[in-house]
Amino acid sequence: MDPVVIIGSGLAGYALARELRKLDVVTPLVILSRDEASFYSKPMLSNALASGKSAAQIASASAEQMAAQLGTRIMAGTEVEAIDTARCTLHAGEVAIRYSKLVLALGADPIALPLAGDAANEVMRVNDLAAYARFRAAIEGKQRVVLLGAGLIGCEFANDLAAAGYRVRVIDPAPRPLGKLLPEAAAERVQLGLAAMGVVWHLGTTARSVSRAVSGLRVDLADGTALEADAVLSAIGLRPRTQLAQHAGLKIHRGIVTDRRLQTSAADAYALGDCAEVDGQTLPYVLPIMQAARALAKTLTGTATPVVYPAMPVVVKTPAMPVVVCPPPALSGSWKLQQDASGIEARFEDESGKLLGFALVGAATARKQALTRLTPPVLV
Ligand SMILES: Cc1cc2nc3c(=O)[nH]c(=O)nc-3n(C[C@H](O)[C@H](O)[C@H](O)COP(=O)(O)OP(=O)(O)OC[C@H]3O[C@@H](n4cnc5c(N)ncnc54)[C@H](O)[C@@H]3O)c2cc1C
């Protein structure tokens, strides 16, 4: 019998393998990954300094340990170059593997800001453990880090680096950090909270070039400011990895398009995690992956099961100003705020006053469970 093949050993690939093995220990399972396929929790990358972990300590199991735990064959360091959905075969170098079912858990690529300057290629992007190890090596014994992007990942890195004693500057064209997730007043609290621990904001502008300087790097901003840095870390967003699927003729939109059962436009080929666009939604977070893995494991073992997304709050790891956000789906409505010195509770409501999403800042994050219970599911 041809194996179930999973491409990708991130949280999506491994969560699915675990869920599958809870239901079926017999079907042969192969996981291919172009990285070393150790298991690690990616969210730890942006609070590793605070939790006292080196890059090497973040991986909690090697590929060999995972293979033994899951009763699976793991082919690490193997990049899949092509998929032939008609023949149910995939190709990696000289190797061709037939599958009974294929699962794409390919993740997303960090977006690169086009930059001028003779050191533009030294800008770092961290979306996996290997890149994080390189970043940690680059800042070892150094002080000045410039961050491009004040979204969720940029703010988390800013907090972690500042707490560890780095001098952090954050650049973003938006007027506030986390501006896509939070209403203005809530975003301002985050800005002030991080500023209080030393983060310097350069908002409403953008980086134009990164060049070599006498000591380290120089970042020139559109507003004329020049910043000195030992390292520049870019976190301006992610784009689902769709190329492999696109070449295989699968339907692509923002991500690899799947239906509610996580099936792509090809028979016996499924997708989940950061690479997938499930029923129109790309949600690059852990909780949707766990929901998707549970549903897909059932589907792959013979019980067709659509994925259900309950309200899934995202905890932003900025201890300097704690934030929990349950982003409203793109429906019309408005934010209603209750605030005092200790925090902000913001509810996103439609015209009839129905709660669609929320954002909590500071002490109000204690209301996470209560509000999550009141918030409607994202997909039922
Ligand atoms: C710094 C940081 C902090 C985060 N914090 C949080 C948080 O607090 N809460 C939260 O909910 N989410 C958080 N996220 C998001 C969350 O980590 C991701 O949604 C999740 O890890 C994505 O998992 P994935 O398996 O879909 O993708 P990935 O982890 O990117 O895995 C993709 C896998 O596919 C492999 N691959 C890709 N192409 C090929 C190919 N052609 N052949 C073979 N292998 C291939 C890769 O090697 C990799 O193993 C954070 C993300 C980052 C970067």
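Remember, it's 1-based here, ligands and their atoms both numbered in the order they're listed. Treat the numbers as computed from the prediction; the structure is a model and nothing was measured. Values below: all heavy atoms of this structure, side chains included; hydrogens, waters and symmetry mates excluded.
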Enumerated ligand 1 atoms positioned under 4.0 Å from heavy atoms of Ala105: 32 (C), 33 (C), 34 (O)
Within the 4.0 Å heavy-atom cut-off, what Val286 brings close to ligand 1 is both
Heavy atom of Phe157, distance to ligand 1 below 4.0 Å: yes
Is there at least one pair of N or O atoms, one from Leu272 and one from ligand 1, spaced under 3.5 Å apart? no
At what distance is the nearest protein heavy atom to atom 3 (C) of ligand 1, and which residue and atom is it? Ser46 OG, 3.3 Å
State if Thr78 counts as touching ligand 1 under the rule of any non-hydrogen atom under 4.0 Å. yes
Does Asn127 come within less than 4.0 Å of ligand 1, judged by its heavy atoms? yes
Taken in chain and number order and not counting sequence neighbours, the residues that satisfy side chain to side chain contact (heavy atoms under 4.5 Å, CB included) with Gln339 are Ala185, Arg189, Leu337, Ile344
Trp201 to Cys155 - nearest heavy-atom pair and separation: CH2-SG, 4.2 Å
Answer yes or no: does an N/O atom from Ala12 fall short of 3.5 Å to an N/O atom of ligand 1? yes
Identity and distance of the protein heavy atom lying nearest atom 19 (O) of ligand 1: Asp274 OD1, 2.7 Å
Closest protein heavy atom (residue, atom, distance) for atom 17 (O) of ligand 1: Lys42 CB, 3.4 Å
Checking a contact table here: which protein heavy atom is nearest atom 20 (C) of ligand 1, and how many Å away? Ile289 CD1, 3.7 Å
Can you list the atoms of ligand 1 that are under 4.0 Å from a heavy atom of Ile7? 42 (N), 43 (C), 44 (N)
Using a strict 4.0 Å cut-off to heavy atoms of Gly273, name the atoms of ligand 1 that fall inside it. 26 (O)
Shortest protein contact, atom 5 (N) of ligand 1 (heavy atom only): Lys317 NZ, 2.9 Å
By number and element, which atoms of ligand 1 are closer than 4.0 Å to a non-hydrogen atom of Asp35? 46 (C), 47 (O), 48 (C), 49 (O)
Checking heavy-atom distances from atom 41 (N) of ligand 1 to each of Leu11, Leu90, Asp109, Val80, the winner is Val80
Under 3.5 Å between some N or O of ligand 1 and some N or O of Tyr40? no
Are any of the N or O atoms of Pro284 closer than 3.5 Å to those of ligand 1? yes
Where on Ala92 is there a heavy atom closer than 4.0 Å to ligand 1, on the side chain, on the backbone, on both, or on neither? neither
Say whether, by atom type as modelled, one donor and one acceptor occur between the side chain of Glu19 and the main chain of Ala293 under 3.5 angstrom. no
May I ask you to list the residues sharing a hydrophobic cluster with Val26, side-chain cutoff 4.5 Å, ordered by chain and number? Val25
Residue Arg260 excluded, over 12 heavy atoms near CZ under 6.0 Å: yes
Examine the proximity of ligand 1 to Glu81 and report which part, side chain or backbone, both or neither, has a heavy atom under 4.0 Å away. neither
Could you list which atoms of ligand 1 come closer than 4.0 Å to a heavy atom of Glu156? 3 (C), 5 (N)
Nearest protein heavy atom to atom 52 (C) of ligand 1, by residue and atom, and its distance? Ile153 CD1, 3.5 Å
Any donor-acceptor pair under 3.5 Å linking the side-chain atoms of Tyr14 with those of Arg18? no
Parallel, tilted or perpendicular for Trp335 and Phe348, by the 30°/60° rule? perpendicular
Indicate, as side chain, backbone, both or neither, the part of Val316 found under 4.0 angstrom from ligand 1 when only non-hydrogen atoms are considered. neither
